[in-house]
Amino acid sequence: MSLFLIDSHCHLDYEADLTAQAQIVSRAKLAGVAYMATIGVKLTTAPQIIDTAARYDNVFAVVGVHPEYAQEEKPFTDVDALCCAAAHPKVIGLGETGLDYYYNADTKEAQRELFALHLRAAKKARVPVVIHTRAADEDTIEILKQEADDDLTGVLHCFSSGEKLARTALDLGFYLSASGIVTFKKSAALRDIFKGVPLNRLLVETDAPYLAPEPYRSRINEPSYVVKTAEKLAEIKGVSFEELANATTENFFTLFAKAK
């Protein structure tokens with residue numbers, strides 16, 4: 001496989017200026033980031049996410065409801081609606097979905113319900129699910145185990161949780177995605193977790209425009225910066241940058257089969 005990277009999770013639609021957006025995609029390509037997945041946070045804005053992906057040959061879409069919006073999106077979200085969105089040729093997965101009790105503990109019930117709905121829809125549509133989890137490890141484990149079967153696959157994006165959730169996810173066949181957080185000075189424990197993740201179960205991402213890696217931490221993040229995260233992940237794993245790039249690219253296409 002020729003050497004290139006994939007930013008498996010970014011939010012291109014957060015840049016409303018289409019000229020600036022196109023420049024972001026162009027800079028990524030120049031940096032060796034051949035493909036990107038732009039991720040939705042509301043099902044009601046899925047058409048916007050799909051339009052963004054359709055604008056570029058090298059951008060894919062993932063659509064779903066972020067736990068932050070679980071309460072307001074609940075009336076519009078069910079398995080059929082998610083499967084309908086997943087049927088679009090540019091849509092390669094469902095999400096980001098999951099649980100976030102750090103800022104949104106008051107909507108736990110709605111979050112849990114929509115998380116389970118996404119997992120069931122992903123199985124029905126035969127696409128992977130992109131999971132956001134924060135301060136909710138035990139409930140995430142519980143729901144994943146309840147819904148797990150041979151048809152359920154996905155990735156825990158921007159992984160920054162504990163060893164127990166990491167091991168559970170890997171045991172269930174999921175991937176873990178490293179963001180710029182692994183480059184932060186205070187992330188030694190997280191780096192230790194990623195050191196133990198098999199190379200064939202890793203992805204890299206930016207979560208742009210958030211969480212820019214060192215040495216860009218004070219800047220607005222963008223897909224081209226995923227190179228720095230990949231460099232740090234290669235160091236953590238004790239492999240060459242080339243081996244890490246090829247492995248994470250192959251992993252992306254293995255997980256997101258519609259992107260092939």
Side-chain angles (χ1 to χ4, degrees), residues 1-15 21-40 49-50 52-64 89-96 127-132 153-159 169 174-183 194 197-213 216 221-237 239-260:
M1 182 181 294
S2 59
L3 177 62
F4 59 82
L5 286 166
I6 297 176
D7 183 358
S8 65
H9 193 113
C10 62
H11 299 278
L12 290 175
D13 64 298
Y14 284 20
E15 177 51 74
Q21 186 185 95
Q23 291 170 345
I24 290 170
V25 174
S26 178
R27 285 195 294 271
K29 189 173 183 179
L30 288 173
V33 183
Y35 297 96
M36 290 145 270
T38 189
I39 314 296
I49 305 303
I50 294 169
T52 299
R55 203 170 290 125
Y56 310 100
D57 292 339
N58 62 334
V59 176
F60 303 105
V62 173
V63 297
K90 269 284 186 172
V91 175
I92 60 173
L94 290 176
E96 58 186 287
V127 294
V129 64
V130 175
I131 296 173
H132 168 110
T153 186
V155 56
L156 272 63
H157 104 90
C158 191
F159 187 83
F174 278 71
Y175 292 70
L176 300 186
S177 182
S179 71
I181 295 175
V182 298
T183 72
F194 272 104
V197 178
L199 194 59
N200 66 351
R201 303 289 284 284
L202 287 171
L203 298 177
V204 288
E205 65 171 91
T206 57
D207 201 15
Y210 309 110
L211 300 173
Y216 306 123
N221 203 3
E222 61 176 70
S224 63
Y225 294 171
V226 78
V227 175
K228 293 300 180 182
T229 299
E231 289 174 350
K232 174 57 71 172
L233 195 56
E235 177 186 320
I236 293 167
K237 299 299 295 176
V239 300
S240 68
F241 176 79
E242 290 77 10
E243 185 175 356
L244 188 284
N246 285 335
T248 55
T249 295
E250 183 175 353
N251 295 344
F252 178 88
F253 287 118
T254 298
L255 177 61
F256 294 104
K258 280 182 69 175
K260 292 180 180 177

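Nearest heavy-atom pair across Ser179 and Thr229 is O-CG2, 3.4 Å. Between Phe241 and Ala230 the shortest heavy-atom distance is CE1-CB, 3.7 Å. The two residues Ala247 and Leu199 come nearest to each other via the heavy atoms CB-CG, 3.7 Å.
In this structure, CD1 in Ile39 is found 7.5 Å from OG in Ser8, a value given to the nearest 0.5 Å. In this structure, NZ on Lys237 lies 10.0 Å from CD on Glu243, to the nearest 0.5 angstrom. A distance of 8.5 Å separates CG in Leu203 from CG in Leu176, rounded to the nearest 0.5 Å. Taking CG from Asn251 and CD1 from Ile6, the interatomic distance works out to 9.5 Å, rounded to the nearest 0.5 Å. A distance of 9.0 Å separates CG of Asp207 from SG of Cys10, quoted to the nearest 0.5 Å. Note that the OG1 atom of Thr153 and the CG atom of Leu255 stand 5.0 Å from one another [nearest 0.5 Å].
A heavy-atom distance below 4.5 Å is found between the side chains of Val62 and Ile92. With a 4.5 Å cut-off on side-chain heavy atoms, Leu202 and Leu233 count as touching. Taking 4.5 Å as the limit, some side-chain heavy atom of Tyr175 sits within range of a side-chain heavy atom of Thr254. Phe174 is listed as a side-chain neighbour of Val129, based on a closest heavy-atom distance under 4.5 Å. At a threshold of 4.5 Å between non-hydrogen side-chain atoms, the residues Leu12 and Pro223 count as touching.
For Lys258 (side chain) and Gly93 (main-chain N/O), no donor-acceptor pair under 3.5 Å exists by modelled atom type. The main-chain N or O of Met36 is never found under 3.5 Å from a side-chain atom of Asp7 such that the two would form a donor-acceptor pair. Checked by atom type and distance alone, the side chain of Thr38 never pairs as donor or acceptor with a backbone atom of Ala61 at under 3.5 Å. Put simply, the side chain of Thr249 gets close to the backbone of Phe4: a donor and an acceptor are under 3.5 Å apart. Between the Asn221 side chain and the Tyr210 main chain, a donor and an acceptor come within less than 3.5 Å of each other. Without hydrogens or angle criteria, Glu15 side chain to Gln21 main chain gives no donor-acceptor distance under 3.5 Å. In this structure a side-chain-to-backbone donor-acceptor pair under 3.5 Å is missing from Lys232 to Ile181. The backbone N or O of Ala28 lies less than 3.5 Å from no partner atom in the side chain of Glu222, so there is not a single donor-acceptor pair.
For the side chain to side chain donor-acceptor pair (under 3.5 Å) test, no residue two or more places apart in sequence or in another chain qualifies with Lys90. Phe252 meets the ring pair (Phe, Tyr, Trp, His ring centres under 6.0 Å) test with Phe256; sequence neighbours excluded. Shown here are the side chain to side chain contact (heavy atoms under 4.5 Å, CB included) partners of Lys228, two or more places apart in sequence or in another chain: Pro213, Pro215, Tyr216, Glu231.
In Lys29, the NZ atom is not crowded: 12 or fewer heavy atoms of neighbouring residues, nucleotides or ligands sit closer than 6.0 Å.
Note: His132 and His157 have tilted aromatic rings, judged against thresholds of 30 and 60 degrees for the angle between ring planes. Taking the six-membered ring for Trp and thresholds of 30 and 60 degrees, Phe60 and Phe253 have ring planes more than 60 degrees apart, a perpendicular arrangement.
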